[in-house]
Every structure is written in structure tokens, then in C-alpha cells.
**Student:** 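One structure follows; several queries about it will come next.
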Amino acid sequence: MLAGLDEHTDAVMLVGYHTRPSRWRTGAAGAHDELRLRQATADAIGRRAQIPPLTISGPFDVEVDLHNPLTADLATLVPGISRAAGGRTVAFTTADFADAYRLLLLLGQLVTIKPG
């Protein structure tokens, strides 16, 4: 899943990469997994105030491989997004992590547009 990464890659974000563990188990075992997952989630939320905010300084150079060339065409209509190597890859640079995240959310919405 990470083919093509080299020493110039600083970070990778895998969105929606795994499903919840209880989705593939049924019966008492699945219910127990669900309860443990809910408890662990509640515990983590309860501890969130103890975690200092993460600060990441830019600039951020982001490349995204999209579902198809049409989606890449649509993405290039957004100022600052351009084509990168490959027919489905787009790239952008931003100084702010929040802006990078918002652009990734926008790209995620673009993939839902179907031609025709």
C-alpha cells in the first residue's frame, strides 16, 4: 500500500484504512469486542485534555492519487491544486496544516462526483 515512498517522504496519512474489529465478528465474541472498543474510546476521550496540542510547521507539499482522471481534472479547478506525475495525481503546497486538511476533505468529496 505504500509503494513509491522514498527518503523524501516525511509522513503518510491513511484515511479510512481499517474497519472496526467487531464488523467481522458475530455473536458473543463480536459483542465483547464492541464493548471493549466503546470502553477504550470513552477512556481515550476522557484523557484528551492531558494531551498537549500537536503543532506541525509547514510548508506542506501534498500529493494525492485520486480515483480517476476526471476527479483530478475537477481538483485542478481549485486554486493552488495542480497536476503531478500520473493521470490521477494532483499536488498542492500550503503553509498551514488546517488548510491542507480542508483541501484533503474537499478532494474526498470530489471523488463522490460521478460522470454522466
Side-chain angles (χ1 to χ4, degrees):
M1 297 302 286
L2 300 175
L5 295 183
D6 60 20
E7 66 276 1
H8 302 294
T9 304
D10 294 320
V12 174
M13 181 170 47
L14 304 171
V15 180
Y17 197 64
H18 293 282
T19 187
R20 291 172 33 181
S22 62
R23 296 284 182 206
W24 54 271
R25 295 186 72 175
T26 59
H32 179 69
D33 287 347
E34 180 76 20
L35 180 62
R36 284 185 353 173
L37 180 62
R38 287 180 184 270
Q39 184 61 50
T41 302
D43 292 345
I45 290 171
R47 291 189 313 270
R48 73 182 181 276
Q50 301 168 359
I51 300 170
L54 178 64
T55 54
I56 305 172
S57 59
F60 302 100
D61 296 318
V62 181
E63 285 191 7
V64 179
D65 290 327
L66 297 168
H67 180 66
N68 60 47
L70 172 65
T71 306
D73 290 340
L74 292 173
T76 60
L77 297 174
V78 177
I81 296 181
S82 61
R83 287 285 188 139
R88 302 174 310 145
T89 304
V90 296
F92 62 88
T93 299
T94 180
D96 184 57
F97 187 77
D99 286 342
Y101 178 72
R102 284 189 285 272
L103 282 170
L104 289 171
L105 288 177
L106 173 64
L107 293 174
Q109 289 299 309
L110 287 178
V111 301
T112 65
I113 297 174
K114 305 289 186 237

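Because the structure is a prediction, the values reported are computed rather than measured.
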**Student:** Test side-chain contact (heavy atoms from CB on, under 4.5 Å) on V62 and L103 and set out the steps.
**Tutor:** CA-CA 10 Å; V62 181; L103 282 170; over 6 Å; no
**Student:** For the side chain of R88 and the backbone of N68, is there at least one donor-acceptor N/O pair under 3.5 Å apart?
**Tutor:** no
**Student:** When clusters are formed by joining ILVMFWY residues with side-chain heavy atoms under 4.5 Å apart, either directly or through shared neighbours, do L105 and L110 land in the same one?
**Tutor:** no
**Student:** Answer yes if Y101 and F92 sit in the same cluster of Ile, Leu, Val, Met, Phe, Trp and Tyr residues linked by side chain heavy atoms under 4.5 Å apart, and no otherwise.
**Tutor:** no
**Student:** Do I81 and F97 sit in the same hydrophobic cluster, where Ile, Leu, Val, Met, Phe, Trp and Tyr count as joined when their side-chain heavy atoms come under 4.5 Å apart?
**Tutor:** yes
**Student:** For R36 and A40, indicate whether the former's side chain and the latter's backbone hold a donor-acceptor pair under 3.5 Å.
**Tutor:**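 No; zero donor-acceptor contacts below 3.5 Å.
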**Student:** Mind running side-chain contact (heavy atoms from CB on, under 4.5 Å) on L66 and V111 for me, showing each step along the way?
**Tutor:** CA-CA 7 Å; L66 297 168; V111 301; 4.2 Å; yes
**Student:** So which atom in E63 and which in A91 form the shortest heavy-atom distance, rounded to 0.1 Å?
**Tutor:** CG-CB, 3.9 Å
**Student:** So R48 and I45, side-chain contact (heavy atoms from CB on, under 4.5 Å) or not? Walk me through it.
**Tutor:** CA-CA 5 Å; R48 73 182 181 276; I45 290 171; 2.7 Å; yes
**Student:** Within this structure, what is the CG-OG1 distance for the pair D99 and T93, rounded to the nearest 0.5 Å?
**Tutor:** 12.0 Å
**Student:** What's the spacing between T76 OG1 and L74 CG if we round to 0.5 Å?
**Tutor:** 7.5 Å
**Student:** For F60 and D96, work out which heavy atoms get closest and say how close.
**Tutor:** CE1-C, 3.8 Å
